[in-house]
Amino acid sequence: MTTVEPIDVEDGAGTVEAVGSVGTLGTSGTTGATPTPTASGPGSTHLASESGLVVPVGRGDGCPFDPPARVERVRREQPVVRARLWDGSSCWLVTRHQDVRAVLGDPRFSADATRPGFPFLTAGGREIVTNNPTFIRKDDPEHARLRRMLTADFMVKKVEAMRPEVQRIADELLDRMTDGRSAADLVAEFALPLPSLVICLLLGVPYEDHEFFQRRSGILLSLRSEPEDIRTAQQELHAYLVRLARAKRERPDDAIVSRLVARGELDDDEIASMGRLLLVAGHETTANMTALSTLALLRNPGQMARLRNDPPLIKGAVEELLRYLTIVHNGLPRLATEDVTLGGVTIRAGEGVLCTLNSANRDDEVFPDGDVLDVGRDARRHVAFGFGVHQCLGQPLARVELQIALETLLRRLPDLRLDVPFEEIRFRHDMGVYGVYALPVAW
Amino acid sequence: MRVHIDQEKCCGAGSCVLSAPEVFDQREEDGIVVLLDAAPPAELHDAVREAAAICPAAAITVEQVERV
């Protein structure tokens, strides 16, 4: 899943309180011995649990809001299984809520993609981490040191204070979108510009450059991108942010990039890497959640009506939409650094693990009738933002943006409807962050 | 109920503040958890337990104290 590396919602390992299912077996001195994860050939100990799945697993003709049916079947029948990756290597697929939390919350599973055997979803994904990896692909203590330079900017109080500004942006975008018209593409005119404008303000990036960085982040996120295109896009984005850091050195402001420069602890390359992570993560995720949530509500008119009639439901509804849609849909990768027993199997040191957040968020043991969208449900235990110390840094901001975007949309456009047949909507199956490419709506 | 926090483990995700703002806050300088009330009243116990359960870094522990 590392095409998605720069925008993993993560940015997530402490130990879970009642892990239960995770415990160290005798480690027999294999730590550090990192077998290359070639496909299980003769002599493999994993034949019994081979699932035949190749990841990322496509949804096929299944419901576009649901995880792939084959992953859901695995979750119910054999929650920790071997799956095949694009390059013929294998990794463990971890699909249940409890197990996903156990892996992501356990420091014995590393997020450091430079370790041999780390599972990548594509060749392009592997390309990304070799260039200026950000802290989401590092382990503590280095991860914590870097992340803590940013946590203050995304803390709840700070983000809550931005509500009037986010509301103003939402209203202006809707004013423009509805001015003299009765139909538009919601992605282009509302869902994407809203979080882009907000993250630009926070970072101190000129919004006029949005076409430049949105195009490159699209390349970085596409599972179809060739490694060479990924390299170019990443270099261009990186060079842009290095120039920005230098400009802030000359003319400082109060935004994040400038304050990182002023701290004097990071060089321009490190600041550019951090800026790239925040820029890409800051707009792609919320943009896709906004559009896909709108579509999910349009397809569940009863739930939409409930939310319109009872606006205070919005906070819980956003958690439920995060759970139900889980747009980081290909799972989060980790590498075992010790032997760990999980769900009845032993994951050996040096083996890769992929935690599928979308199947965990449909786990009936935690979310009864998990395939049903229910805006009144208590969905707070979802793992849509990941889990562990890499859990999404920007989640308070994402929540505020989604609450405001959806509440404003439903309130101001009471006749909101799809402007094309549902079957014509193109879903982002080939992207690291799921969603829709466009959402033609009318009102 | 006694609530304990571990500021070393905390990763500043802020979900405890959303669950139980009367009990948890975040430090101005780095967003790390601050404990406002180590012995919260009964009506907040559910919210505190939820905060401990959703804390991604397992930085919150809750100890049940028997009332004499």
- Tell me, do B/L18 and A/R399 make a side-chain contact under 4.5 Å, heavy atoms counted? yes

I need the [X] [atom1] to [Y] [atom2] distance, nearest 0.5 Å.
X: A/D140; Y: B/E8; atom1: CG; atom2: CD; value: 10.0 Å
X: A/Q391; Y: B/C55; atom1: CD; atom2: SG; value: 8.5 Å
X: B/S19; Y: A/R380; atom1: OG; atom2: CZ; value: 4.5 Å
X: B/C11; Y: A/F387; atom1: SG; atom2: CZ; value: 9.0 Å

- Task: Mind listing the closest non-hydrogen atom pair of B/E50 and A/R381 along with its distance?
- Result: OE1-NH2, 3.0 Å

- Pair listing, salt bridge (charged side-chain N to carboxylate O under 4.0 Å, His left out) test, anchored in residues 384-398 of chain A, at least two apart: none

- Message: Does anything in residues 16-26 of chain B form a salt bridge (charged side-chain N to carboxylate O under 4.0 Å, His left out)? List the pairs, not counting sequence neighbours.
- Response: A/K157-B/D25

- Message: Tell me whether B/Q26 contacts the main-chain N or O of A/V156 through its side chain, where contact means a donor paired with an acceptor under 3.5 Å.
- Response: yes

- Who are the salt bridge (charged side-chain N to carboxylate O under 4.0 Å, His left out) partners of A/E365, not counting sequence neighbours? none

- Task: Among the options B/G12, B/G14, B/A13, pick out the one with the most heavy-atom pairs lying under 4.5 Å from chain A.
- Result: B/A13

- Item | Part of residues 30-41 of chain B lying next to chain A, heavy-atom separation under 4.5 Å | B/D30, B/G31, B/I32

